[in-house]
Amino acid sequence: MKLVIAVIKPFKLVDVRDALTAMGVEGLTVAEVKGYGRQKGHTEFYRGAEYAVHFLPKLKIEVVVPSDRAEKVVEAIRTSALTGQIGDGKIFVIGVEKAVRIRTGEADDNAL
Amino acid sequence: MKLVIAVIKPFKLVDVRDALTAMGVEGLTVAEVKGYGRQKGHTEFYRGAEYAVHFLPKLKIEVVVPSDRAEKVVEAIRTSALTGQIGDGKIFVIGVEKAVRIRTGEADDNAL
Amino acid sequence: MKLVIAVIKPFKLVDVRDALTAMGVEGLTVAEVKGYGRQKGHTEFYRGAEYAVHFLPKLKIEVVVPSDRAEKVVEAIRTSALTGQIGDGKIFVIGVEKAVRIRTGEADDNAL
Amino acid sequence: MRRTTVWSRLIIIAAFAFVSAITPALAQTSKIDAADTAWMISATALVLMMTIPGLALFYAGLVRKKNILATMAQSLASVAIVSILWAAAGYSLAFTGGGAWLGSLDRLFLSGMGMDSTNTLAKNIPESLFMLYEMAFAIITVALISGSVADRMKFSAFLLFGIGWLFLVYVPSAHWVWGGGFLSTMGVLDFAGGTVVHLNAGLAGLIAALVLRPRRGYGMENLSPHDLSMAVVGTGLLWVGWFGFNGGSALGANSRAAMAIASTHLAASTGAFVWMALEWWKRGKPSVLGMISGAIAGLGTITPASGYVLPWHGIVIGGLAGLVCFWACTALKERLHYDDSLDVFGIHGIGGTLGTLLTGIFATAAMSISSEMPNGIGGVLEGNWNQLKIQAIGIAVTGTWCAVVSFVLLKLIDKSVGLRVGIDAERMGLDISLHGEALQ
Amino acid sequence: MRRTTVWSRLIIIAAFAFVSAITPALAQTSKIDAADTAWMISATALVLMMTIPGLALFYAGLVRKKNILATMAQSLASVAIVSILWAAAGYSLAFTGGGAWLGSLDRLFLSGMGMDSTNTLAKNIPESLFMLYEMAFAIITVALISGSVADRMKFSAFLLFGIGWLFLVYVPSAHWVWGGGFLSTMGVLDFAGGTVVHLNAGLAGLIAALVLRPRRGYGMENLSPHDLSMAVVGTGLLWVGWFGFNGGSALGANSRAAMAIASTHLAASTGAFVWMALEWWKRGKPSVLGMISGAIAGLGTITPASGYVLPWHGIVIGGLAGLVCFWACTALKERLHYDDSLDVFGIHGIGGTLGTLLTGIFATAAMSISSEMPNGIGGVLEGNWNQLKIQAIGIAVTGTWCAVVSFVLLKLIDKSVGLRVGIDAERMGLDISLHGEALQ
Amino acid sequence: MRRTTVWSRLIIIAAFAFVSAITPALAQTSKIDAADTAWMISATALVLMMTIPGLALFYAGLVRKKNILATMAQSLASVAIVSILWAAAGYSLAFTGGGAWLGSLDRLFLSGMGMDSTNTLAKNIPESLFMLYEMAFAIITVALISGSVADRMKFSAFLLFGIGWLFLVYVPSAHWVWGGGFLSTMGVLDFAGGTVVHLNAGLAGLIAALVLRPRRGYGMENLSPHDLSMAVVGTGLLWVGWFGFNGGSALGANSRAAMAIASTHLAASTGAFVWMALEWWKRGKPSVLGMISGAIAGLGTITPASGYVLPWHGIVIGGLAGLVCFWACTALKERLHYDDSLDVFGIHGIGGTLGTLLTGIFATAAMSISSEMPNGIGGVLEGNWNQLKIQAIGIAVTGTWCAVVSFVLLKLIDKSVGLRVGIDAERMGLDISLHGEALQ
Ligand SMILES: Nc1ncnc2c1ncn2[C@@H]1O[C@H](COP(=O)(O)OP(=O)(O)O)[C@@H](O)[C@H]1O
Ligand SMILES: Nc1ncnc2c1ncn2[C@@H]1O[C@H](COP(=O)(O)OP(=O)(O)O)[C@@H](O)[C@H]1O
Ligand SMILES: Nc1ncnc2c1ncn2[C@@H]1O[C@H](COP(=O)(O)OP(=O)(O)O)[C@@H](O)[C@H]1O
């Protein structure tokens, strides 16, 4: 199995989830993160003080899928999260050795 | 070493932590996440508007342990996080190549 | 490529980011997490009630880098996140099979 | 470019007003009552509190996190700008001189308003206090509109709209109904602003919502409130402040003020209860948002009637308010498919109209006795069907004028500075994109 | 099923009251003082502000995030429902007619309350105002109880309890002490509600907490407050509102009101200071929760005494309040092992009792002079030990009645609709499970 | 060790004061006006509301999440401690007896203050009310200072500083300007506290900020506010409360109070508008923080003038306030490199000074007529250049004394208990490290 990690723009979550469910991915986990990269932040003023905000709000999606579907999932996320503008984010794929569904104890592919 | 990732129901954190410390796991990291899966969410009304809430609050526990203990840790988490109801969550195991304790520079198993 | 995960003390973020950009790492993702470990928490009183707070606020930095640079990155994080006091945190390295830049579709090292 | 336009306009208005401030001033004196003054100062403070922080909290509590400060900014700016313009010309045009259509220029920049001055409309308190009290009404009316355009209107556009709307809609209709204008001569009963405040704000809000078109993601994305507890706090302050709003409209510390507060408080309570009950029955759960919506609906609806009805009428009126406004914010809104973000129309527009009509039904002679009306005026319940007709006319006139002028104003602004922020700004949230700051 | 029960009961009550509203009405007239009216309107607004948003914020700031809206809902619903019932029958039963046990039905649905009506208990202000002022007291007393049952009581059960408790406990004891009932004839001194408000609410809260049993995880899990800053804001509004609560109980704009406010403010300050000092000394750190707890303790404790004592007595009484309530919320609570979620008993129950006793000690003849008591009444400090005995009787009677009736009521509701939410609902939080909404 | 020092000192002060409370008491009686009393009670409540919850919210909304409760704690503690000390000796030393430098000890622990007592400075209201009203001023002045030292000062050190500063700076300067001291005899015009409140607090804040040195990370890390919406709410309450602050300084329910409120409200509005406009022009975006900063600047600046000028003067003064304070909080602050955390100096210090000078320019004879000044006093606009000189002297005297004493006090405390928390405590946040609690 593979763990597909995608850092995307927050407002793209719905599109990505729909794309994934459309291809039968039944579950995923999302976390609010802050991202630093080529996309420049903005400057905030507070009376006399000026602060450059480099970290931008992003969402990190984590989804574990059977190895053979990883390719498709990555592609689905890429297309659904795409705006074409800087800051769209990244997708990373990592190998997963074991998966367990807590409720049933089912393992690996059956756990997903 | 293995990175054990567990997505559990929030109110199970204490049980899981106790189970892990009981077996000598001295550290772990927790993050608040939102989960999407078979467990259905609920509907919220705001005057005329109706919103279906699909993402439910979950906790993601990350703990790195020596390879030989991974099995036991997974089992400990599974039993302590179990309620038997849908939405109990998942456990994933991933290989870790290197671990370092920042304070001391100790590496790998000694760093845990 | 390698995914370098570092759990650090919140106020060290700026130092770490500077150390990484200094060595040419152009992007990273940060998440607010709570950590449990050797560093002891504190006790909070609320009128009659007394609560022991074991989980301390930490930041989790995730950065994916070309395999050959992983060593240096780990070292850079270690030195920049170091205070020498308990609770400084950990660094973990995990193998990444694939990376994609959503905006361009560039893959692997070019995606970073 | 855009900004220059904004300023140039502001400057023109200010300049104009200042010049004309040189006109000779009049000073009328009369017997000022200390007790009435004591209560009216408190009432004025209460009505200002309704906008800041009351309304600012109520509205901010209903939007998403990224728009909380921008929403509050609209209430804050309404206070700042309306106050200055009210002193410059608004008060004079609305409340001095008895023209049928508009007041006089005698008090431009409050010229000639001295220590002993009083206004013939309130001989028992200092004119400066009367001016302030009415100012607080103008402020909240403009601020109320911001709820309809929340999450998408340009701050500059809102300011321009507020300025134009104050002079072209609020000031005239306040004069017609309260300043001795033709509607008051006609006998329209509007104790504290069913038409002038609530109908006007609600209708302007609806027009603005329609012209601006729905928020991005409306109907698809989850646009639910970030922190409803802020809205609850705002409701509390609005409710308490309404004692000054309706009670203060008696312009003195007397039984009428107390009676108005009694019917007001009971209407708010019943409105909250009915809306809660309806949700419980239809959706299985009584929401906090429902309770506060019902309370505000009850308060807005009783407003025009409060000084003319018996306390228990407040229970009936509040109950109807909860029922009708609940229907307006759910069934009606769904049918018509407009995105009035915070339901200013569904609650204030509908409530103000309903209340103005109900005033024609429940008005009680014994309660409405005053120097102008020695025998008081009764409504349908006392056999006077004519009053209901008069009330309807008042609604029709005020509503038509408000709708037309608001529409034209919005179109003009849209063509010039533009009404709506860009899609990226809307996505990022107005706090950052318009004001360069955000909640963390 | 459950809901129907709720509604049917509400309807019955309403119906009953309405029918009897046809009884002939009496209208007494007398000299209304404008200045007193001015202050009492403000005082009424202040006391309403104590509940919304004051208490709503104070309590919401002490619970976990998932229960914030549900906690506010209880304050909101208390306002809505108590107000309607107070107008329907509560006021009439508590404050009209001089029966030893209960008032009359003369003012059901406020029938016969006209412009010039006054109540013999407050001849100088409009009766409608007196009714509203006392209404605000009834509201906050019921709302206070919600703190004890926070995080676990069904909303429907709370409403039913509030309705029953209002008529069976609050109304009678208000009549006994303030409405000319047997306790006032006996000479019990309770200026603004040590027994009627604080002892009653605190004791009912304790009983409810015991019957409901502790929150899930009490003693094991971390149940600490989500956002204490809300509680601080609530405390500020409660403190300021208390000027109307104690100062308004003078029922006029006079020295007595000012003196009552002086002792009240000093008691709050000293209570806050003492609690802070105790925590600093015993725990090494002075907590903000400690300061606000001490302030509320001081305010609750001075309440019955405020109109009868000298300003500096306020310092002594406030100091004792901080000391005793701190002990009650820590040592005592620990020993007795009950889960009174927000310490309504430890602060209001204990404070109200303590204050009522201290009134018997510090009462000063020179301060307590009034039309009813031309020579005023002194306490132990002025050699009148008997007063202390009378105060104790007042506490015993009020407390016993309150405890017994509250217990029976709770048991009845438990058997019918059930008092407590299910375990899943409690875990998910009451905001979502009971009201279908939540903070984000 | 540290704590003991704190307590021992507190105890000594209390003890001393109590002993001397045995001095014979004087009781003057005179004609108390109910209407004036009605308004002044409300005004007192409004001014207390300015500190809690007003200022507590305003300041808490400008700090980082980890310091929100600690910031509120400073406002709360100011209320508790200043109130007690004011009753103990502050009031007596500031407002009784006509010494040129200091008042008398006649009212230690308010001894002799009876039902009918009045103060010669306010013969128309109960002395207890006058004492409370002035108490609220002392409270907020001390609380204001906390903004300068936010995020780094020890709670114990702040308390000690507050206690010393109250008696050594506030009490004397209040006596000089308002209590019949030499500055009032000299003719300094300060209606509601340009020197006594704002200049004093702002200057003390600046000194404290300098002595404490900047917050860790100042200039490097992002120290931006956690939740500006709290600051907006605080601003609303401060604004409304200011009606009591400036309007109440007329000490009665009269035209002067109304006029003072008119100029006050217009100054706040213009200040907010100007600051907003400046930011829009210089930075491209009008911030909410800018608007509220301008409003507070306008309010602080009009304070000394409010009772002596015409309403439209408020617009001019408020505009200048926005302009000058914006410059002070940006350009000036940058040049001088001090870390006055929440700009108490830039807004209150500069605003208070500016306003006191402008009072010497805009003072209008017709407005300033009073029993003491039968013909009123005009300023430069009416040809009286001398008044400007007198105002300058008032500023110089108050400022010098405040600066010197504040500096010495701070140094003494630094040497004894220490002023600043350790670096770890500062990093962890004062909520946890000083008070053992935190927002979640
Ligand atoms: N090397 C990296 N490791 C982990 N996350 C990264 C890395 N580079 C970028 N990111 C994440 O991707 C987000 C977008 O990257 P950015 O360089 O800003 O734009 P783009 O993806 O279009 O090149 C960043 O905000 C960050 O959260
Ligand atoms: N394929 C997946 N990848 C990552 N997280 C998942 C995946 N499937 C489920 N989860 C996480 O596990 C949680 C529980 O899964 P769900 O299907 O709702 O119930 P159950 O675990 O009992 O089957 C989800 O809310 C989500 O956070
Ligand atoms: N085995 C582990 N797996 C994952 N995270 C860990 C583990 N051990 C520690 N951590 C994280 O590292 C943080 C610091 O560890 P701790 O033992 O407190 O101090 P130190 O790193 O100095 O030994 C913890 O708060 C936790 O977030």
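Reckoned from all heavy atoms, side chains included, excluding hydrogens, waters and symmetry mates.
- Listed here is the closest heavy atom pair of Trp280(F) and Phe155(D): CH2-CD2, 3.6 Å.
- Side-chain contact between Ser224(F) and Gln440(D): present, with at least one pair of heavy atoms (C-beta onward) separated by less than 4.5 Å.
- Inter-residue side-chain proximity for Ile139(D) and His265(F) is flagged as met; some heavy-atom pair is nearer than 4.5 Å.
- In this structure the side chain of Leu237(F) reaches within 4.5 angstrom of the side chain of Pro53(D), judged on heavy atoms.
- If you measure heavy-atom distances from Ala366(F) to chain D, the contacts under 4.5 Å come from the backbone alone.
- Proximity of Met72(D) to Val233(F): side-chain heavy atoms (C-beta onward) are separated by under 4.5 Å at one or more points.
- Taking CH2 of Trp39(F) as the reference point, atom OG1 of Thr37(D) lies at 11.0 Å (rounded to 0.5 Å).
- Across Phe273(F) and Ala80(D), no two heavy atoms sit closer than the pair N-CB, 4.4 Å.
- Nearest heavy atoms, Ala45(D) versus Val240(F): O-CG1, 3.7 Å.
- Both the backbone and the side chain of Leu69(D) come within contact range of chain F, with heavy atoms under 4.5 Å apart.
- Closest heavy-atom contact between Leu132(D) and Ala258(F): CD1-O, 3.7 Å.
- At a heavy-atom separation below 4.5 angstrom, chain D is approached by Ser287(F), Val288(F), Leu289(F), Met291(F), Ile292(F) within residues 287-302 of chain F.
- When heavy atoms are compared at a cutoff of 4.5 Å, Met40(D) does not approach chain F at all.
- Heavy atoms of Ile68(D) lying under 4.5 Å from chain F belong exclusively to its side chain.
- Separation of atoms CZ (Phe109(D)) and CG (Leu266(F)) is listed at 10.0 Å; rounding is to 0.5 Å.
- Of the atoms belonging to Arg256(F), heavy atoms from both backbone and side chain fall under 4.5 Å from chain D.
- Expressed to the nearest 0.5 Å, how far OG of Ser229(F) lies from NE2 of His226(D) amounts to 8.5 Å.
- Comparing Ser42(F), Ala253(F), Ala35(F) by heavy-atom pairs within less than 4.5 Å of chain D, the highest count is held by Ala253(F).
- Proximity to chain F is limited to the side chain of Leu110(D), based on heavy atoms less than 4.5 angstrom apart.
- The shortest distance between side-chain heavy atoms of Ile32(D) and Ser255(F) falls below 4.5 Å.
- At a 4.5 Å heavy-atom cutoff, the contact between Ser433(D) and chain F is made by backbone atoms alone.
- Contact annotation: the side chain of Thr270(F) approaches that of Ile84(D) to within less than 4.5 Å [non-hydrogen atoms, C-beta and beyond].
- Taking CG of Leu228(F) as the reference point, atom CG of Asp431(D) lies at 9.0 Å (rounded to 0.5 Å).
- Each of Ala438(D), Ala77(D), Ala73(D) has some count of heavy-atom pairs under 4.5 Å with chain F, and the biggest count is that of Ala73(D).
- Contact count against chain F (heavy-atom pairs under 4.5 Å) is highest for Val79(D) among Leu129(D), Leu46(D), Val79(D), Thr44(D).
- Qualifying side-chain hydrogen bond (donor to acceptor under 3.5 Å, both in side chains) partners for Asp36(D), counting only residues two or more places apart in sequence or in other chains: Asn124(D).
- Note: Met230(F) CE to Met230(D) CE = 9.5 Å, rounded to the nearest 0.5 Å.
- Atoms CH2 and CG, on Trp239(F) and Leu48(D) in that order, are 7.0 Å from each other to the nearest 0.5 Å.
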